[in-house]
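What follows is a set of notes on a single structure, which appears directly below.
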Amino acid sequence: MPEKFDVIVVGAGPAGTACALTCARNGLNVLLIERGEYPGAKNVMGGVLYRQQLEDLIPEFWKEAPLERPVIEQRFWMMDKESVISFGYKGLEWAVEPYNNFTVLRAKFDQWFAQKAVEAGALLINETVVTECLVENGKVVGVRTDRPDGEVFADVVVLADGVNSLLSKQLGFHKEFRPDEVALTVMEVINLPKDKINDRFNLEDNQGCTIEIFGDSTKGNLGTAFLYTNKESLNIGVGTTLSSMIKAKLKPYELLDYLKNHPMVKPLVAGGESAEYLAHLIPEGGLRSVPKVAGNGVVVVGDAAQLVNAIHREGSNMAMHSGLLAAEAVIEAKKRGDFSETSLNSYREALYNSFIIKDLEKYKDAAHTFEKYPQYFKEYLPMMNRAASKFFTVDGTPKRDKQKEIIKSVTAERGTLRVIQDLYRAWKAVK
Amino acid sequence: MNLDDYRGVWVFIEQNDGKIEGVSFELLGAGRKLADKLDVPLAGFLLGDGIKSLANQTIAYGADQVYVIDHPVLKHYRTESYMKGVIYLAQTYKPEIILYGATPNGKDLASAVATDLSTGLTADTTMLDADVEKRLLEASRPAFGGNIMATILCKKHRPQMATVRPKVMKALAPDYERSGQVIEEKISLKEEEMRTKVLQIVNDVTKKTNLADAHVIVCGGKGMGDLQNFQLIHELAETIGASVGGTRDVVEAGWLPHEQQIGQTGETVTPKIYFAIGVSGAIQHVVGMKNSELIIAINKDPNAPIFDVATYGIVGDAMEIVPQLIAQFKSLRTEKGGEVSYA
Amino acid sequence: MHIVVCVKQVPDTKIIKINPKTNTLDRRSAPAILNPYDAHAVQEAVKIKRKTGGTITVLSMGPPQATAVIKKSIEIGADRGVLLTDRAFAGADTLATSYALSKALERINMDLPIDLVICGKHAIDGDTGQVGPGIARRMDIPPITSVIEVTEVNQEEKTVLIKRKLTSGYELIQSEMPCLLTVEKEINDIEYSPMPNMIKAARYEPIIWSVNDLENVDRTQLGLKGSPTIVGKMFTPPRPEGGKKLEGSVSEQVSQLMEILMEKKDLFTLTSSR
């Protein structure tokens with residue numbers, strides 16, 4: 001006789017676990033199903049964890065979670081072939097509790113986080129693939145797994161099965177992605193001794209640095225790269241939309257190799273030992289890509305609901321928050337004993353009133369703007385680098401003349417009117 | 001326990017159907033060195049039914065003394081009967097060191113004996129030495145997945161015992177002029193008291209991989225990249241009539257069955273020619289093949305440790321080199337009415 | 001029929017790395033798993049139970065997180081599991097390990113008499129294969145190592161028929177029960193666990209015993225104190241000189257190699273391509 005749970009959560013990433021944890025804490029009978037060998041085994045993220053959303057779930061989590069380093073410095077690089085314009089902020093207020101954000105290794109962090117859900121009473125099952133949702137009379141009533149006697153039933157199924165959510169596609173909640181809606185991110189963990197990291201990034205032991213890289217890191221394609229410091233390793237990665245990749249006939253590892261060998265990056269990673277290589281799809285379509293998130297007996301959370309802010313590189317915090325909101329809706333639905341779409345739509349409402357959808361709304365045009373007008377990456381970044389070089393080179397020319405010269409060269413290259421148009425468009429996209 | 005009561009180096013002479021296992025001769029060779037270093041006699045001990053005649057051979061291979069227990073109940077190896085004999089001998093004559101071959105029976109016997117004698121036992125040793133001053137056996141073996149060696153000591157218990165990998169130690173050339181002492185012992189064993197019976201012994205030569213007896217082995221490693229590329233290993237082996245082996249990685253990736261694994265946890269081999277292709281040369285692999293006569297290594301990485309044990313090395317891409325080798329061998333072949341010979 | 005399977009949690013040696021500078025184990029990325037041979041031991045117990053009925057108990061010794069391998073065993077089909085965990089057991093070699101496990105088995109046996117003990121052939125982190133026979137000696141039951149088939153279990157006669165692997169071939173052994181088997185990987189294929197087992201395992205809370213839960217324990221035989229062997233030193237063996245690296249283009253190197261090999265051409269049996 002197959003078992004029936006209150007909730008089945010598919011996928012033990014940040015979204016699924018946050019949802020399972022919250023449901024279990026509220027006394028619901030929760031089954032959390034993970035396809036990997038353990039939670040985190042198949043997850044990739046740049047590796048920055050924002051504090052607030054996790055703290056909502058686990059107060060003062062930093063005292064026990066397997067975090068790498070609190071981030072005390074965030075740098076942004078505008079990179080050209082042999083130069084970089086760097087700006088950023090470093091503040092010691094981020095080096096003390098409650099901190100701002102952290103670098104994490106997902107393989108460790110996700111395991112710990114899922115363990116919290118287990119401690120709250122959720123049942124975690126690994127190495128099990130959910131092959132489909134069981135639908136009866138238009139309502140999702142459970143899931144079928146790839147195991148013998150693999151059917152399990154529940155009042156609500158929470159889909160947290162990642163960006164390429166086959167289950168929400170099966171339910172017709174969203175269509176196949178367009179290649180410009182997803183970014184392909186490739187990432188490598190590079191082992192490097194602690195002292196070397198501290199020296200190269202000017203850090204103390206329990207301090208971390210993140211570098212977000214725009215420009216030549218992606219060979220002029222739409223996308224960004226990153227370099228984060230863990231305790232004794234670096235996360236280096238680069239992401240670009242699938243469409244740029246196809247257009248430029250690029251292979252993901254070529255992009256990563258290019259980045260690692262870039263003269264501005266190479267000295268930071270030199271001598272490291274490659275520990276892991278991962279590739280992953282990340283939804284970057286913004287608000288336009290968000291599918292239907294609630295149905296009869298089913299809700300969709302996290303990457304599966306395409307909740308990622310491509311500009312600010314936030315994903316795990318949105319995932320956790322969406323998991324929490326979904327859990328709250330499920331708990332209410334349970335009280336009412338009504339798991340219909342109408343009942344579960346309280347999740348949709350909460351989501352659209354939260355920072356998540358508001359942020360996605362704000363940046364909804366950004367990716368498209370940059371995709372459509374490649375000059376931002378292909379022309380302005382090199383231009384800015386040339387300008388900076390001119391400005392900082394001491395050659396006897398007065399600074400005022402240099403400024404004039406710079407402006408003249410910029411407008412000469414693209415024409416005054418077009419520069420103004422471009423600037424306006426970019427400002428509109430990210431304002 | 002007075003440690004000084006224990007003197008002498010002993011070797012378990014494993015016999016099947018009246019034939020001594022090769023590893024026992026190897027251990028007599030290694031035991032000889034230890035005994036000379038410690039300035040004590042080397043003894044072999046033999047158990048079985050009608051095996052007295054094997055004592056001379058044991059002496060020829062280096063033993064000064066041979067302890068023999070001959071009894072019908074000992075016809076086939078059984079833990080319960082054999083351990084009784086060994087425990088009796090060890091308690092009576094108090095050797096300081098006992099070595100066993102790391103064969104299924106040798107390991108089985110040593111584990112049981114060690115438990116009853118409450119003494120230390122080191123498994124699957126690949127290096128043996130002795131600290132003369134402290135009279136300690138230094139038994140070393142690959143540890144932690146095989147990239148490092150650990151020396152195991154047993155300081156306060158005697159006898160110090162170890163099982164030793166077959167084909168790692170070198171046997172002495174037999175000298176049938178050597179003289180030695182044969183000591184016969186009797187113990188009481190009753191078949192009706194035995195709780196296990198050997199009903200049948202099946203010598204299944206086909207099931208056993210032909211690796212152990214192969215003259216030429218082509219071994220592929222993870223450096224072959226994928227299962228499809230690994231077919232080149234099979235093709236080369238087939239062309240030259242060699243057996244195929246693989247590293248632990250290859251077996252775990254499912255490219256080859258377990259029986260074809262070479263190394264610490266697989267087969268130990270000593271062919272005339274050993275090809276190591278795309279094999280990095282982790283210690284756990286090397287202990288299983290380093291005594292091969294001629295070792296040819298092909299690897300992309302010039303710093304791969306396999307080149308340290310190779311007689312000849314080629315630094316390069318196996319995908320490029322192996323097909324050329326195959327072609328060269330094929331061109332050597334002439335066929336005359338189905339007969340294949342060298343041109 | 002009561003079958004006890006002894007299992008161990010081991011670092012996954014496929015992934016394990018040694019820090020070349022300090023020669024120590026890099027445990028950062030090595031996940032802990034159920035020793036693969038022990039998984040086959042549990043699976044064999046499940047196969048036997050299908051024919052005979054009865055109970056499968058798993059027993060493990062290790063740190064508290066080793067409950068994971070007991071849960072894994074429940075997934076495969078065990079009914080219940082005991083974890084022996086206590087600082088007093090720490091640092092045990094094979095002799096002290098078999099002592100502690102045999103004391104736990106004594107207690108299990110008092111509660112429900114044991115007919116069969118099954119262990120994996122060896123653990124992949126130690127490769128010794130000594131604990132199984134050690135337990136059998138301490139329980140005074142016959143050990144049968146390197147088992148490749150459990151041919152028959154006769155509950156009336158209290159006997160088993162076993163195929164045991166030899167250096168070449170195998171032998172057929174009949175043994176009284178209780179006895180102890182250590183199994184090779186080829187004895188069975190691990191089945192994909194059904195969903196109800198997975199749920200049962202996720203829910204299962206292993207029985208935890210400390211040294212105080214065992215009776216008549218001689219503490220001098222436990223842990224580091226009870227271990228006659230110690231690790232003297234760890235070392236990377238000296239690299240041998242190495243042979244000659246061939247030089248030149250690929251085809252030149254291949255030609256040189258062929259010249260070397262032709263000295264030994266009698267060893268090759270060139271096969272017909274037809």
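Lettering of chains follows the sequences in order, A, B, ..., and the numbering in each one begins at 1.
If you measure heavy-atom distances from B:K290 to chain C, you find no contacts under 4.5 Å at all. For B:E293, the part sitting under 4.5 Å from any heavy atom of chain C is the side chain, from C-beta outward, and nothing else. With a 4.5 angstrom heavy-atom cutoff, C:L95 touches chain B only via side-chain atoms. Heavy atoms closer than 4.5 Å to chain C are found nowhere in B:I295, neither backbone nor side chain. Heavy atoms closer than 4.5 Å to chain B are found nowhere in C:T182, neither backbone nor side chain. For a residue to count as touching a neighbouring chain, one of its non-hydrogen atoms must lie under 4.5 Å from one of that chain's; by this rule C:K233 touches chain B with backbone and side chain alike. Both the backbone and the side chain of C:T128 come within contact range of chain B, with heavy atoms under 4.5 Å apart. Within the 4.5 angstrom heavy-atom criterion, only side-chain atoms of C:L261, from C-beta onward, approach chain B.
A 4.5 Å side-chain heavy-atom check between B:V202 and C:L172 finds every atom pair outside the cut-off. With a 4.5 Å cut-off on side-chain heavy atoms, B:T151 and C:V231 do not count as touching. Using a 4.5 Å heavy-atom cutoff, the side chains of C:V250 and B:Q324 are in contact. At least one side-chain heavy atom of C:L161 sits under 4.5 Å from a side-chain heavy atom of B:L199. Using a 4.5 Å cut-off on side-chain heavy atoms (C-beta onward), C:I230 and B:K155 make contact.
For C:D189, the CG atom counts as loosely surrounded, since its 6.0 Å shell holds 12 or fewer non-hydrogen atoms of other residues, nucleotides or ligands. Counting heavy atoms of neighbouring residues, nucleotides and ligands inside a 6.0 Å radius, atom CZ of C:F89 exceeds 12 of them.
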Next on the checklist: Let's go through C:L257 and B:I296 carefully: what are the C-alpha distance in whole Å and the side-chain angles of both, what is the deciding distance for side-chain contact (heavy atoms from CB on, under 4.5 Å) to 0.1 Å, and is it a yes or a no?
Outcome noted: CA-CA 9 Å; C:L257 182 58; B:I296 314 282; 3.5 Å; yes

Checklist entry - Does the salt bridge (Lys or Arg N to Asp or Glu O under 4.0 Å) test come out yes or no for B:D116 and C:R138, once each step is laid out? => result CA-CA 8 Å; B:D116 279 50; C:R138 292 177 185 284; over 6 Å; no

Next on the checklist: Set out, in order, the CA-CA distance, both residues' side-chain angles and the distance that settles side-chain contact (heavy atoms from CB on, under 4.5 Å) for C:D127 and B:R141, then state yes or no.
Outcome noted: CA-CA 10 Å; C:D127 290 338; B:R141 62 190 303 262; 3.6 Å; yes

Next on the checklist: Checking C:L166 against B:T103 for the side-chain contact (heavy atoms from CB on, under 4.5 Å) test, could you report, in this order, the C-alpha distance in whole Å, the side-chain angles of both residues, the deciding distance, and whether it holds?
Outcome noted: CA-CA 8 Å; C:L166 297 175; B:T103 58; over 6 Å; no

Next on the checklist: Could you walk me through whether B:R195 and C:D140 satisfy the side-chain contact (heavy atoms from CB on, under 4.5 Å) test, starting with their C-alpha distance in whole Å, then the side-chain angles of each, then the deciding distance to 0.1 Å, before giving a yes or no?
Outcome noted: CA-CA 11 Å; B:R195 291 179 287 185; C:D140 193 23; 3.1 Å; yes

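Ranking B:M83, B:K272, B:Q200 against chain C, the residue ahead of the rest is B:Q200, based on heavy-atom pairs under 4.5 Å. Most heavy-atom pairs under 4.5 Å with chain B, from the set C:V10, C:I141, C:I135, C:I144: that is C:I141. Ranked by heavy-atom pairs under 4.5 Å with chain B, the first of C:Q221, C:Q130, C:K165 is C:Q130. Chain B forms more heavy-atom pairs under 4.5 Å with one residue of C:Q256, C:E247, C:Q174 than with any other, namely C:Q174. Interface summary for chain C: among B:K156, B:H215, B:E80, B:E320, the most heavy-atom pairs under 4.5 angstrom belong to B:E320. Between chain B and the options C:S146, C:C179, C:P142, the largest number of non-hydrogen pairs under 4.5 Å is found for C:P142. Top candidate by heavy-atom pairs under 4.5 Å with chain C, chosen from B:T119, B:L121, B:T79, B:I201, is B:L121. Ranked by non-hydrogen atom pairs under 4.5 Å with chain B, the options C:T159, C:T145, C:I162 are led by C:T145.
Summarising the geometry of C:Q253 relative to B:V315, their closest heavy-atom pair is OE1-N, 4.1 Å, with the distance given to 0.1 Å. Shortest non-hydrogen contact noted between C:P143 and B:D108 is O-OD2, 4.4 Å. The two atoms that bring B:L294 and C:I260 nearest to each other are CD2-CG2, 4.4 Å, heavy atoms only. Here the closest non-hydrogen pair linking B:A150 and C:M234 is CB-SD, 3.5 Å. Smallest separation of non-hydrogen atoms from B:L325 and C:M258: CD2-SD, 3.6 Å. Across every non-hydrogen atom of C:R164 and B:P104, the tightest pair is NH2-O, 3.4 Å.
Side-chain atoms of B:Q328 do not come within 3.5 Å of backbone N or O of C:V254 as any donor-acceptor pair. Panel note: side chain C:K245, backbone B:P302; a donor-acceptor pair is recorded below 3.5 Å.
Partners of B:D124 by salt bridge (Lys or Arg N to Asp or Glu O under 4.0 Å), not counting sequence neighbours, listed by chain and number: B:K107, B:R165.
C:K185 NZ to B:H258 NE2: the interatomic distance, rounded to the nearest 0.5 Å, is 5.0 Å.
For the ring pair (Phe, Tyr, Trp, His ring centres under 6.0 Å) condition, no pair includes a residue of residues 124-164 of chain C, sequence neighbours left out.
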